[in-house]
Amino acid sequence: MWQLREGSHPVLTDEGGAILNERTGRWTYLTPTASAAVLFLLASSSEDQAANQYAAVYDLSPERATDDVRTVADALTAQGIAGEPVAQSRRWRWWR
């Protein structure tokens, strides 16, 4: 499942958006279609499902939608803003 990483703060609308990377203090600005791709990625259980929804909304071929969604996902992952969830280690807490 694709998700934003901890410390990433999205402001997403149908008219575009931005994501703040708390670690770097930089904003990544998104076009309306890139913002939609992120919304579909966050709401879907897989990139394929997100691409299918994206294709339906924008009347695109499945191949084009898959390429568009993957491009957005890869770009945000490369910037350290998003990606597959990172397994968190279970820490022993003394109060348990």
Side-chain angles (χ1 to χ4, degrees):
M1 181 169 111
W2 190 91
Q3 67 182 22
L4 294 174
R5 296 200 192 259
E6 187 175 327
S8 298
H9 305 281
V11 179
L12 304 171
T13 69
D14 292 339
E15 298 172 357
I19 302 173
L20 173 63
N21 184 339
E22 191 176 88
R23 288 177 288 170
T24 64
R26 293 186 177 183
W27 287 91
T28 298
Y29 296 96
L30 305 171
T31 64
T33 53
S35 182
V38 171
L39 288 169
F40 288 130
L41 283 163
L42 292 173
S44 301
S45 59
S46 69
E47 278 189 25
D48 290 336
Q49 185 182 22
N52 289 337
Q53 293 171 344
Y54 187 84
V57 168
Y58 290 101
D59 195 27
L60 299 171
S61 69
E63 297 82 18
R64 175 63 191 258
T66 299
D67 287 344
D68 288 354
V69 169
R70 187 164 293 137
T71 298
V72 171
D74 290 347
L76 295 177
T77 300
Q79 292 179 28
I81 295 172
E84 296 294 324
V86 177
Q88 295 181 353
S89 63
R90 292 184 54 106
R91 295 183 192 170
W92 176 258
R93 294 193 173 118
W94 62 270
W95 60 87
R96 285 188 182 190

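None of these values were measured; they are calculated from a predicted model. Atoms considered below: every heavy atom in the structure, side chains included; atoms not considered: hydrogens, waters and symmetry mates.
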Could you tell me which non-hydrogen atom of [X] sits nearest to which non-hydrogen atom of [Y], and how far apart they are?
X     : Y     : answer
Ala37 : Val69 : CB-CG2, 4.3 Å
Ser35 : Gly16 : OG-O, 3.3 Å
Ala65 : Ala51 : CB-O, 3.4 Å

(message) Please determine whether residues Leu60 and Leu41 belong to a single hydrophobic cluster, defined as Ile, Leu, Val, Met, Phe, Trp and Tyr linked transitively by side-chain heavy-atom distances below 4.5 Å.
(response)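 In one cluster: yes.
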(message) So Val38 and Pro10, do their side chains get closer than 4.5 Å, heavy atoms only?
(response)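 Side chain of Pro10 against side chain of Val38, heavy atoms only: no contact under 4.5 Å found.
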(message) Any heavy-atom pair between the side chains of Leu12 and Leu42 that's under 4.5 Å?
(response)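 A side-chain contact exists here, since the closest heavy-atom pair is under 4.5 Å.
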Kindly compute the distance separating [atom1] ([X]) from [atom2] ([Y]), expressed to the nearest 0.5 Å.
X     : Y     : atom1 : atom2 : value
Ser44 : Trp2  : OG    : CH2   : 10.5 Å
His9  : Ile81 : NE2   : CD1   : 11.0 Å
Thr77 : Arg5  : OG1   : CZ    : 6.5 Å
Leu39 : Thr13 : CG    : OG1   : 8.0 Å
Leu30 : Leu76 : CG    : CG    : 6.0 Å

(message) Would you say Thr28 and Gln79 are linked by a side-chain donor-acceptor pair, where the criterion is simply a distance under 3.5 Å?
(response)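 Result is yes, a qualifying pair exists.
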(message) Going by the rule ring-ring contact (aromatic ring centres under 6.0 Å, His included), which residues pair with Tyr54 if we only count those two or more places apart in sequence or in a different chain?
(response)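 Tyr54: ring-ring contact (aromatic ring centres under 6.0 Å, His included) contacts with Tyr58.
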(message) Is there a side-chain contact (heavy atoms from CB on, under 4.5 Å) between Val11 and Ile19? Walk through the geometry before answering.
(response) CA-CA 6 Å; Val11 179; Ile19 302 173; over 6 Å; no
(message) Could you check whether any side-chain N or O of Thr66 sits under 3.5 Å from a backbone N or O of Pro62, counting only pairs where one atom can act as donor and the other as acceptor?
(response)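 Yes; at least one donor-acceptor contact below 3.5 Å.
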(request) For the pair Arg23 (side chain) and Glu6 (backbone), establish whether a donor and an acceptor sit closer than 3.5 Å, ignoring hydrogens and angles. (result)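 No, Arg23 side chain to Glu6 backbone: no donor-acceptor pair under 3.5 Å.
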(message) Applying salt bridge (Lys or Arg N to Asp or Glu O under 4.0 Å), can you list everything that pairs with Arg70, at least two apart in sequence or on another chain?
(response)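 If we apply the salt bridge (Lys or Arg N to Asp or Glu O under 4.0 Å) test to Arg70, skipping adjacent residues, the hits are Glu47.
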(message) Among residues at least two apart in sequence or on other chains, which ones pass salt bridge (Lys or Arg N to Asp or Glu O under 4.0 Å) with Arg64?
(response)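 For Arg64, the residues satisfying salt bridge (Lys or Arg N to Asp or Glu O under 4.0 Å) (neighbours in sequence not counted) are Asp68.
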(message) Run the side-chain contact (heavy atoms from CB on, under 4.5 Å) test on Trp27 and Asn21 for me, step by step, so that the C-alpha distance in whole Å, both residues' side-chain angles and the decisive distance to 0.1 Å come before the verdict.
(response) CA-CA 6 Å; Trp27 287 91; Asn21 184 339; over 6 Å; no
